[in-house]
Trainee: 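Supplied in structure tokens, the structure appears directly below.
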Amino acid sequence: MSKLENLIKDSKGLIKTSDVLKNHIPKKYLYDLVEKNILLKEAHGIYVVRDSTKDELYYIQCRSEKLVFSHETALFIHELIDRDPLIYTLTVPRGYSTNRLRESNIDVITIKQELFFIGIEQKMTDNKNYINVYNIDRTIIDVIRKRNKIDKDIYYTALKKYCSNSEKNIIRLMNYAKLFKCEKTVRDNIEGFLV
């Protein structure tokens, strides 16, 4: 088995051009596999094995470690809503180039660097790959802050499920609210759902 085939096997069927170059494999071999229809181009610099199990969230995450799933997408990942979002939402630090993501029909939110890292955790996808997502409390902060742009049914379902979720941490939620300068808004929006 060739070095490239081993690399593809070790990477669960997904390979990045950067990985090929790091392993001193000429890009030509990668492009040969695309030409032979063994690999498919998923995004710029990201290729997947044809007929492999699709893991869209992981494929998006592979574009950069600086991507964090947020808002409605994070609500879905945390099972606070039942519907898979039509468009995935990511948060990136201010200054990050978002053109390719937006061209891929991804909703991208930029935020100050010091607020970007608050509440990031890793979750496993159904295909056993890890992705970055904001924790349940940070997700609720984001959703409350953008409440006027979110479908009301999704919003109220998320708040109701959050308030009955055993993973919620109200102290952490209010600490985040203080950092995001929205304590009163958060308190006003969740108090009716807390039992």
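The residues of the chain are indexed from 1 along the displayed sequence. This one's a predicted model, so the numbers in the text were calculated from it and none came from an experiment.
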Trainee: Are any of the side-chain heavy atoms of Leu80 and Thr157 separated by less than 4.5 Å?
Mentor: no

Trainee: Is any side-chain heavy atom of Arg83 closer than 4.5 Å to a side-chain heavy atom of Glu72?
Mentor: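 No, too far: nothing below the 4.5 Å cut-off.
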
Trainee: Check side-chain contact (heavy atoms from CB on, under 4.5 Å) between Val49 and all other residues, then give those that pass, not counting sequence neighbours.
Mentor: Ile8, Leu39, Ser52

Trainee: With Thr125, which residues qualify under side-chain contact (heavy atoms from CB on, under 4.5 Å), at least two apart?
Mentor: Asp55, Leu57, Asn127, Asn129, Ile131

Trainee: I'd like to check the salt bridge (charged side-chain N to carboxylate O under 4.0 Å, His left out) partners of Asp32; sequence neighbours left out, ordered by chain and number.
Mentor: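 Lys28.
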
Trainee: Apply side-chain contact (heavy atoms from CB on, under 4.5 Å) to Leu86 and list each qualifying residue two or more places apart in sequence or on a separate chain.
Mentor: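 Leu86 satisfies side-chain contact (heavy atoms from CB on, under 4.5 Å) with no other residue.
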
Trainee: Judged by atom type as modelled, is there a donor-acceptor pair below 3.5 Å linking the side chain of Arg145 to the main-chain atoms of Asp142?
Mentor: no

Trainee: Tell me, please, which residues at least two apart from Arg172 pass salt bridge (charged side-chain N to carboxylate O under 4.0 Å, His left out).
Mentor: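 Testing Arg172 for salt bridge (charged side-chain N to carboxylate O under 4.0 Å, His left out), a comparison that skips the adjacent residues, returns Asp137.
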
Trainee: For the CZ atom of Phe69 and the CD1 atom of Ile60, what is their distance to the nearest 0.5 Å?
Mentor: 4.5 Å

Trainee: For the backbone of Leu67 and the side chain of Gln61, can you confirm whether one donor and one acceptor N or O come within less than 3.5 Å of each other?
Mentor: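 Checked: pair present.
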
Trainee: Are Lys168 and Leu173 packed together at the side-chain level, in the sense that at least one heavy-atom pair is separated by less than 4.5 angstrom?
Mentor: no

Trainee: Measuring from atom NE2 of His44 to atom CG of Asn99, what distance do you get when rounded to the nearest 0.5 angstrom?
Mentor: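 These two atoms lie 12.5 Å from each other.
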
Trainee: Identify, with sequence neighbours excluded, every residue that meets salt bridge (charged side-chain N to carboxylate O under 4.0 Å, His left out) alongside Lys146.
Mentor: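 Lys146 satisfies salt bridge (charged side-chain N to carboxylate O under 4.0 Å, His left out) with no residue once adjacent residues are dropped.
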
Trainee: Sequence neighbours left out, what passes side chain to side chain donor-acceptor pair (under 3.5 Å) with Asp82? Give chain and number order.
Mentor: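 Lys161.
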
Trainee: Could you state whether Ile170 and Val186 fall into the same hydrophobic cluster, counting links through intermediate Ile, Leu, Val, Met, Phe, Trp or Tyr residues with side-chain heavy atoms under 4.5 angstrom apart?
Mentor: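 Same hydrophobic cluster.
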
Trainee: List the residues meeting side chain to side chain donor-acceptor pair (under 3.5 Å) with Thr185, not counting sequence neighbours, and say none if there are none.
Mentor: none

Trainee: Can you list the residues that meet the salt bridge (charged side-chain N to carboxylate O under 4.0 Å, His left out) rule with Lys184, with sequence neighbours excluded?
Mentor: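 For Lys184 the salt bridge (charged side-chain N to carboxylate O under 4.0 Å, His left out) partners, ignoring immediate neighbours, are Asp188.
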
Trainee: Show me the donor-acceptor pairs, under 3.5 Å and distance only, between side chains in residues 103-111 and residues at least two apart or in other chains.
Mentor:
from, atom 1, to, atom 2, distance (Å)
Ser104, OG, Arg63, NH1, 3.2
Ser104, OG, Arg63, NH2, 3.1
Ser104, OG, Arg100, O, 3.0

Trainee: Can you give the donor-acceptor pairs under 3.5 Å from side chains of residues 13-27 to other protein atoms, not counting sequence neighbours?
Mentor:
from, atom 1, to, atom 2, distance (Å)
Lys16, NZ, Cys62, O, 3.3
Asn23, ND2, Asp19, O, 2.8

Trainee: Say whether Tyr130 and Tyr88 are linked into one hydrophobic cluster, either directly or through other cluster members, by side-chain heavy-atom distances under 4.5 angstrom.
Mentor: no

Trainee: Shared ILVMFWY cluster between Ile81 and Ile144, side chains joined below 4.5 angstrom?
Mentor: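 In one cluster with Ile81: Ile144, yes.
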
Trainee: Backbone N or O of Glu5 within a donor-acceptor pair of the Ser2 side chain at under 3.5 Å?
Mentor: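 Flag set: sc Ser2 to bb Glu5 pair under 3.5 Å.
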
Trainee: For Ile120, which residues count as a side-chain contact (heavy atoms from CB on, under 4.5 Å) partner, sequence neighbours excluded?
Mentor: Val68, Phe116, Phe117, Asn132, Tyr134

Trainee: Nearest 0.5 Å please: distance from the CG atom of Leu90 over to the OG atom of Ser64.
Mentor: 10.0 Å

